[in-house]
Amino acid sequence: MARAYDVAGIEEKWQRRWAEDGTYQVENDDPRPPFYALCMYPYPSGPAHQGHVRNYTFGDLVVRHRTMRGNAVLSPIGFDSFGLPAENAAIRTGTHPRTFTDQRIAELKASLVRLGAVYDWRREVRSHDPAYIRWNQVIFERLLDAGLAYRANAPVNWCPGCQTVLANEQVLSDGTCERSGDPVERRDLEQWFLRITAYADELLAGLDDLDWPERVKTMQRNWIGRSEGAELDLAVVGRDGSDGRPPLALRVFTTRPDTIFGMTYAVLAPEHPLVDDVTTPAQRPVVDELRRLAAARSEIERTASAEGGAALEKRGAYTGTQVVNPFTGAEVPLFVADYVLMGYGTGAIMAVPAEDERDWAFAQAYGLPVVRTVRPPEGWDDEGRGAYTGAGEKINSGFLDGLEIATAKERAIEALEARGLGVRTVHYRLRDWLVSRQRYWGCPIPVIHCPKHGVVPVPLDQLPVLAPDDVAFEPTGKSPLASHEGFRRTTCPVCGGPAERETDTMDTFVDSSWYFLRFCDPFHEDMAFDPAAARHWMPVDQYIGGIEHAILHLLYARFFTRVLIDTGLAPGLGREPFQRLFTQGMIRMDGTKMSKSKGNLISPARYFESVGADGLRLFHLFVGPPADDFDWTEQTDQVIDGCGRFLDRLWRLLEAVGERGGERAPEHPFDPAASLALRRTTHRTVAQVSADLDRWSYNTAVAHCMELVNSAHKAMSSERAASTEALEEACDMLLLLLAPMAPHVTAELWERRHPDELALHLQAWPTADPGLVAEDTVTMVVQVNGKVRDRLEVDASIGEEEARSAALASPKVRAALGDAEPARVVVRPPKLVNVVL
RNA sequence: GCCCGGAUGGCGGAAUCGGUAGACGCGGAGGCCUCAAAAGCCUUUGUCCGAGAGGGCAUGCGGGUUCGAGUCCCGCUCCGGGCACCA
């Protein structure tokens, strides 16, 4: 499309100016009130795609708007530059991951600059930078010292295609790898874990005060999964110690201690260490067979959904042993069953089929008895509805009979504790964070394994541990570092004897768990960041990113912030890193997410050429609510063109107003009423756009600016034209309001109008004159029986009586009333009168 | 199965506190300008009845509360997302 101005030239000019002038560089001792605006730093995947454009358009708007509002705005950016794609490319093409990554960073960076997004580039952070690796490793060693990092043998998700372990979130619900699609296997490996569970309670409680989308908080609460209940011991029959063997009891966890009277059997997970001990010789074959089946059905499969959403068939085997119900003394059978998971609670349960659906299903399949301990509603059993988990009166429960469930739980726990049978406990669904990756392109875990001294941290003065470049990139299932003798072989820092380096690298989520702290002060060689600088900028006032990070990144970052405070690296810092979070909607195309891996990207480059960065930014702001997903369709290009047209109209408006003289011909003087009307519209727009930006309603902010441009065009060309002063005010306000949204063209137009003044983006955000915002006449709606019959222009300060008589005097209302007398007149001056018959 | 969103013209969406439904834009129709086109400008555009004035119907479906409901309550349908044997 032919444009009204030189889009490319102007955009290039201002991008250069902002960089040369350091407009958005900010010092840590800046006296203005600090504001930390942050977009989640991107994985460098090459030139920006529309998702980036959307994200960084929102972020840039916040940065420029807050700056005009008088804040010192910290606007840093960096690159989450470790990760699998670079290494997979190395395996495929032989290009070193660093070469590959640096090139893609350069491409992404160029896109961000081309978009007109402004940052303090002096603060750029790259995860693969040795300086960053070093502090990552120092932090890891702090965790090690604090007992928050440990090694354990654990069943892990292994992807045979990617040849590495996967985090739980990288496994899809059908048990396949999200990257390669291969079925994920279970392997037992010695791995590094971070003890995030130590902070479970605090991470849960801290959510309450955060200004985050409610659904993100809900997702984190569910992920942490706090369950209150009790652990109790079930005595194993025949194992009371009288036969010389030590007494044996089975520890189970329950959230329903009130239902103990209804326990009719108990279950061990197939992996439970006591299974062998409690299995009688006669039952061994069936128990072994069950365990074999369970091992084949991985934990992934056992915890994930089955086809059609129904729970998996529950399979079990009787151990031949009985356990004792602690409240009734009854002896009940002990089973091994695959619906009980070793990874949660104690790996053993008391089963109460009457009040638990899973136990009910198992009891039905294995012919086990059911004892109700809560009275179900009338007709429940007649309808064959199975387990009843709702509220009700306790029955068949001895000392708990007649109580409500909550009270009964308390009494049951008190009884357990009084008799020494059990204790009140809390369990979490959250598990410790597995951070080992058998890959090359990540931060090396800085420890040495010594045959004599075990795990020894690499001394701080020897950090960073950097991976060598001359490795063979082959998918072997071990880190390429493991087969690099020069790297692996080393000496023990304690005894000097031969030792081996750890060859696993860290999960890249470690890198992103504290980068926002590094941004506060990346200038020091001798510290990760100056704690005073962190205290100055933190917490992030506005964090912006995708909903896909709702759980993991945001949870890990909250965890790390606490760990850095508690290990002395960030003394005095607030414990929550991100006070306000905004999650933007994703861009879809043909029903799926627009992404590189789906191959349905629409490159921003062509729009930079046609409507410019300004036009494309405006489109992303205008197209719909920022939090909503939007569908990219065939019509989208026309909407983008429309945004370009709007900027042309703005340009022409400014041109025309600039050329217009202060006086018109005497036969057509400026109309004072039209001038006042335009001034009112201008100031109302200032008020509306300011409010829109504060509540993330960018689409209506753009719409309000469009209305003002339309009004100004009309006010200039009509017979009853507004004064040049009124038009100039409208123009100035438009440029100020649009400055954060379409920064280049507005900066240029401002400079042409005000060559001797401060640049547009250094101007203060405008305020509306309240006297011009308030209306003096309003349209009063007159309804008869709730239907609009007339609209009257009335004084805004009209009183109730006056409004009533004006409404009743309306001929249209009189016609609608006919002969009838109004039964009631509802008057809401000055907006509405409703005459009710 | 459970939890959370959402459904408004041909399309994206607006309606901030229960008070004019459809702002703004896209698309469509008609016109001006032009030798012609592009660009631009103007008018119009929920739907039905009506020549018109005007009126009826309209915010996924069915009820309810209210003088008044897109907005609140109850019950559904469909779409999207998250969780899913967590004891």
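All of these numbers come straight from a predicted model, not from anything done at the bench. Both backbone and side-chain heavy atoms feed into the values below; hydrogens, waters and symmetry mates do not. Residue numbers start from 1 in every chain, and the chains themselves are labelled A, B, ... in the order their sequence lines are given, proteins ahead of strands.
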[M] and [N], which share atom name [atom1], separated by this distance in whole Å:
N	M	atom1	result
G27(B)	C11(B)	C1'	7 Å
A58(B)	A51(B)	P	23 Å
U16(B)	C26(B)	C1'	25 Å
A21(B)	G68(B)	C1'	14 Å
A23(B)	U8(B)	C1'	13 Å
A84(B)	G12(B)	C1'	35 Å
G60(B)	A69(B)	C1'	16 Å
G18(B)	G6(B)	P	15 Å

Would you indicate which nucleotide in [options] comes nearest to any side-chain atom of [X]?
X	options	value
M219(A)	G82(B), U20(B), G25(B)	G82(B)
T779(A)	C11(B), U20(B), U16(B)	U20(B)
N710(A)	U20(B), G25(B), A87(B)	G25(B)
F253(A)	A15(B), A87(B), G12(B)	A87(B)

Is the shortest side-chain N to carboxylate O distance from [X] to [Y] below 4.0 Å?
X	Y	answer
E801(A)	R804(A)	yes
E228(A)	R226(A)	yes
R221(A)	D208(A)	yes

Quick one: salt bridge (charged side-chain N to carboxylate O under 4.0 Å, His left out) partners of R680(A), sequence neighbours excluded?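 Residues passing salt bridge (charged side-chain N to carboxylate O under 4.0 Å, His left out) with R680(A): D776(A).
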Only counting residues at least two apart or in another chain, list the ones meeting salt bridge (charged side-chain N to carboxylate O under 4.0 Å, His left out) with D233(A).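 D233(A): salt bridge (charged side-chain N to carboxylate O under 4.0 Å, His left out) contacts with R251(A).
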[atom1] of [X] versus [atom2] of [N]: gap in Å, rounded?
X	N	atom1	atom2	result
D629(A)	C79(B)	CG	C1'	12 Å
D628(A)	G6(B)	CG	C1'	9 Å
I547(A)	G80(B)	CD1	C1'	13 Å
K831(A)	G19(B)	NZ	P	10 Å
R684(A)	A23(B)	CZ	C1'	14 Å

G-U wobble or Watson-Crick pairing nucleotide for C57(B) (cut-off 3.5 Å, both distances):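 In the structure as shown, C57(B) has G46(B) as its Watson-Crick or wobble partner.
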Any strand counts, and the cut-off is 3.5 Å on both contacts for Watson-Crick or G-U wobble. Which nucleotide pairs with A51(B)?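 Check on A51(B): unpaired, no WC or wobble geometry under 3.5 Å.
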Which ones in residues 696-709 of chain A lie close to RNA chain B, meaning a heavy atom under 4.0 Å from one of its atoms?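 Within this stretch, N699(A), T700(A), A703(A), M706(A), E707(A) sit under 4.0 Å of the strand.
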Anything under 3.5 Å between a protein N or O and an N or O of nucleotides 62-71 of chain B, put it in a table, one pair a line.
{"from": "C67(B)", "atom 1": "OP1", "to": "R824(A)", "atom 2": "NH1", "distance (Å)": "3.0"}
{"from": "C67(B)", "atom 1": "O2'", "to": "N834(A)", "atom 2": "ND2", "distance (Å)": "3.3"}
{"from": "C67(B)", "atom 1": "O2", "to": "N834(A)", "atom 2": "ND2", "distance (Å)": "2.6"}

The criterion is side-chain contact (heavy atoms from CB on, under 4.5 Å); which residues satisfy it with [X], sequence neighbours excluded?
X	value
D356(A)	R358(A), D359(A)
E548(A)	K593(A)
D795(A)	S797(A)

Could you encode protein contacts along nucleotides 41-46 of chain B as a string, one character per nucleotide from 5' to 3', using B for base contact, S for sugar-phosphate-only contact and - for no contact, with a heavy-atom cut-off of under 4.0 Å? S-----
Taking ring-ring contact (aromatic ring centres under 6.0 Å, His included) as the test, write out the residues that go with F253(A), two or more places apart.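 Checked F253(A) against ring-ring contact (aromatic ring centres under 6.0 Å, His included); matches are H427(A).
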What are the atom names and distances for every N/O pair under 3.5 Å that joins the protein to nucleotides 56-60 of chain B?
{"from": "G56(B)", "atom 1": "OP1", "to": "R789(A)", "atom 2": "NH2", "distance (Å)": "3.2"}
{"from": "C57(B)", "atom 1": "OP2", "to": "K787(A)", "atom 2": "NZ", "distance (Å)": "3.3"}

Starting at the 5' end of RNA chain B and moving along, which residue's nearest nucleotide shows up first, R215(A) or Q688(A)?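 Between the two, 5'-proximity favours R215(A).
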Residue closer to the 5' end of RNA chain B, F622(A) versus T254(A) (nearest nucleotide):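 Closer to the 5' end of RNA chain B: F622(A).
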So, is the end of the K314(A) side chain (NZ or CZ) under 6.0 Å from the ring centre of Y339(A) and within 45° of the ring's axis?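 Yes, K314(A) sits over the ring of Y339(A).
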With a distance cut-off below 6.0 Å to the six-membered ring centre and an angular limit of 45° from the axis, does R429(A) pair with W223(A) as a cation-pi contact?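 That pair qualifies as a cation-pi contact.
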Anti or syn - G70(B), cut at 90° from 0: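 Nucleotide G70(B) adopts anti.
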Tell me if C17(B) is syn or anti. Syn = glycosidic torsion within 90° of 0, anti otherwise.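 Syn, angle within 90° of zero.
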Going by the salt bridge (Lys or Arg N to Asp or Glu O under 4.0 Å) test, which pairs reach into residues 252-267 of chain A, not counting sequence neighbours?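 Residue pairs passing salt bridge (Lys or Arg N to Asp or Glu O under 4.0 Å), neighbours aside: R256(A)-D258(A), D258(A)-K394(A).
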Got a sec, which pairs hit salt bridge (Lys or Arg N to Asp or Glu O under 4.0 Å) with one end in residues 687-711 of chain A, sequence neighbours left out?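 Passing the test, one end in residues 687-711 of chain A: R69(A)-D694(A), D692(A)-R695(A).
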